[in-house]
Amino acid sequence: MTVSSLDRVLAYVGSTGSTSISFILPGLFYYKISAPDSIHHQRLTKEDDDQYEQVSEDGLFVRATSATNALRTNMLRRLALALAIYGFLVMIVCLITNVFFVVAH
């Protein structure tokens, strides 16, 4: 109600909302879901695990895991966290830029 120009409001909403939706939330969601002890991760990878299971001579299921799959998952988790951190940095830079441009004008 006390804002004289709508562009200032949109600048702050854009700098926080856009970076949250584009960078921060996807990175944090993937990092949280892909945690090995997460129930969501266990449900998502159940179909993948069924492909790797084989029956041994004793009739027991043996899971054939590969080191590259674990390396890939670990790398993707780190990249997702890096994306979230990058999003926080972009948000801070955008907010600081908005503060200085609003004060200057």
Side-chain angles (χ1 to χ4, degrees):
M1 293 294 211
T2 62
V3 177
S4 61
S5 178
L6 188 59
D7 63 344
R8 294 179 182 175
V9 173
L10 292 177
Y12 285 109
V13 169
S15 65
T16 56
S18 297
T19 56
S20 296
I21 292 172
S22 301
F23 298 111
I24 298 170
L25 292 178
L28 290 178
F29 286 161
Y30 183 81
Y31 186 77
K32 180 71 175 167
I33 289 173
S34 66
D37 56 346
S38 170
I39 189 165
H40 305 293
H41 176 70
Q42 293 169 2
R43 274 194 268 164
L44 288 173
T45 58
K46 183 176 181 346
E47 292 84 21
D48 294 337
D49 290 345
D50 291 342
Q51 293 175 357
Y52 292 114
E53 288 182 351
Q54 299 171 352
V55 178
S56 67
E57 297 86 23
D58 300 334
L60 300 174
F61 285 106
V62 177
R63 178 185 280 174
T65 59
S66 67
T68 57
N69 191 20
L71 181 65
R72 179 178 171 262
T73 303
N74 195 13
M75 179 62 84
L76 285 175
R77 289 194 77 224
R78 287 182 182 170
L79 288 174
L81 190 58
L83 180 68
I85 292 170
Y86 175 73
F88 278 115
L89 293 175
V90 168
M91 182 187 293
I92 290 168
V93 168
C94 290
L95 284 173
I96 289 172
T97 304
N98 284 336
V99 167
F100 285 127
F101 280 132
V102 168
V103 171
H105 290 100

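Worth saying up front: this structure is predicted, and the values here are computed from it rather than measured. Counting begins at 1 with the first residue of the sequence.
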* Closest contact, heavy atoms only, Tyr31 versus Arg77 -> O-NH2, 3.1 Å
Approximate separation, where rounding is to 0.5 Å, of [X] [atom1] and [Y] [atom2]:
X	Y	atom1	atom2	answer
Leu95	Ile92	CG	CD1	8.0 Å
Leu76	Leu83	CG	CG	11.5 Å
Leu79	Asn74	CG	CG	10.0 Å
Leu89	Met91	CG	CE	10.5 Å

* To do: Check for a donor-acceptor pair, side chain of Ser22 on one end and backbone N or O of Thr19 on the other, with a separation under 3.5 Å.
  => no
* **Any donor-acceptor N/O pair, Thr97 side chain to Val93 backbone, under 3.5 Å** => yes
* What pairs with Ser15 under side-chain hydrogen bond (donor to acceptor under 3.5 Å, both in side chains), at least two apart in sequence or on another chain? -> Asn98
* Asp7: what forms a side-chain hydrogen bond (donor to acceptor under 3.5 Å, both in side chains) with it, not counting sequence neighbours? -> Ser5
* To do: Check ring pair (Phe, Tyr, Trp, His ring centres under 6.0 Å) between Tyr86 and all other residues, then give those that pass, not counting sequence neighbours.
  => Phe23
* Kindly work out whether a path of hydrophobic side-chain contacts (I/L/V/M/F/W/Y, heavy atoms less than 4.5 Å apart) joins Val13 to Leu6. => yes
